[in-house]
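The analysis underlying the following values was restricted to heavy atoms, covering all of them including side chains, and did not include hydrogens, waters or symmetry mates.
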Amino acid sequence: MALISLRICTISAQMELGDKAVGFILTLTSLSIFTYYTFWVIILPFVDSDHFVHKYFLPQEYAILIPVLAGVILLSFLSMFMGLVMLKSKKKKKTT
């Protein structure tokens with residue numbers, strides 16, 4: 001019995017370590033994207049257009065286009081998911 005509880009604790013500790021690693025990677029990715037986007041949108045317009053830093057960034061038009069497109073795609077998938085859940089819920093009610 002003690003061996004089973006020890007094995008469960010070990011698996012639980014490994015899962016927590018994995019969760020922490022995934023959380024750290026997601027946080028690091030989010031901070032990197034936020035820093036890049038902030039520099040691109042807020043600071044880059046004040047830098048001379050012939051400066052070498054401009055070659056690492058897309059044109060300014062994309063600073064609005066990319067988030068809007070991502071939002072539309074996110075809302076589309078969210079709406080489709082909610083619609084499917086509602087359809088499945090309606091079918092279950094008919095069978096009961």
Side-chain angles (χ1 to χ4, degrees):
M1 189 66 134
L3 183 61
I4 293 174
S5 65
L6 179 63
R7 180 170 277 169
I8 291 172
C9 290
T10 305
I11 292 171
S12 175
Q14 288 174 351
M15 288 176 59
E16 288 177 12
L17 185 62
D19 290 344
K20 286 182 182 181
V22 170
F24 178 74
I25 291 170
L26 287 174
T27 303
L28 193 64
T29 303
S30 298
L31 284 174
S32 299
I33 292 171
F34 176 76
T35 303
Y36 179 87
Y37 187 78
T38 301
F39 188 81
W40 181 26
V41 172
I42 296 175
I43 297 172
L44 201 62
F46 298 108
V47 177
D48 292 332
S49 60
D50 60 344
H51 199 273
F52 76 94
V53 151
H54 280 276
K55 68 179 179 182
Y56 297 111
F57 296 92
L58 292 171
Q60 289 289 53
E61 297 84 32
Y62 291 106
I64 300 298
L65 185 65
I66 291 172
V68 167
L69 188 63
V72 167
I73 290 170
L74 178 71
L75 286 175
S76 298
F77 280 119
L78 207 70
S79 299
M80 287 180 359
F81 174 74
M82 288 175 55
L84 287 172
V85 168
M86 289 170 61
L87 285 174
K88 287 183 179 182
S89 170
K90 194 174 185 180
K91 285 181 183 177
K92 278 187 179 179
K93 285 183 181 178
K94 283 184 179 179
T95 58
T96 43

Flag if over 12 foreign heavy atoms under 6.0 Å of CG, Leu75: yes

Is atom OH of Tyr37 surrounded by more than 12 heavy atoms (other residues, nucleotides or ligands) closer than 6.0 Å? yes

From [X] [atom1] over to [Y] [atom2], what is the distance, rounded to the nearest 0.5 angstrom?
{"X": "Leu28", "Y": "Ser32", "atom1": "CG", "atom2": "OG", "result": "4.5 Å"}
{"X": "Ile25", "Y": "Ser30", "atom1": "CD1", "atom2": "OG", "result": "11.5 Å"}
{"X": "Thr38", "Y": "Ile33", "atom1": "OG1", "atom2": "CD1", "result": "11.5 Å"}

Do you reckon Ile42 sits in the same ILVMFWY cluster as Tyr62, going by side-chain contacts under 4.5 Å, direct or chained? yes

Treating Ile, Leu, Val, Met, Phe, Trp and Tyr as nodes and any side-chain heavy-atom pair under 4.5 angstrom as an edge, say whether Leu69 and Met80 lie in one connected cluster. yes

Check whether any side-chain heavy atom of [X] sits under 4.5 Å from a side-chain heavy atom of [Y], and report yes or no.
{"X": "Leu58", "Y": "Ile66", "value": "yes"}
{"X": "Leu44", "Y": "Val53", "value": "yes"}
{"X": "Tyr36", "Y": "Phe57", "value": "yes"}

Tell me whether His54 contacts the main-chain N or O of Asp48 through its side chain, where contact means a donor paired with an acceptor under 3.5 Å. yes

Would a distance-only check, ignoring hydrogens and angles, find a side-chain to backbone donor-acceptor pair under 3.5 Å from Ser89 to Val85? no

Parallel, tilted or perpendicular: which describes the rings of Phe52 and Tyr56, with under 30° parallel and over 60° perpendicular? perpendicular

Heavy-atom nearest pair, Gln60 first then Pro45, reads NE2-CG, 3.1 Å

Out of Ile43, Val41, Thr35, which one pairs with Phe39 under the side chain to side chain contact (heavy atoms under 4.5 Å, CB included) rule? Ile43

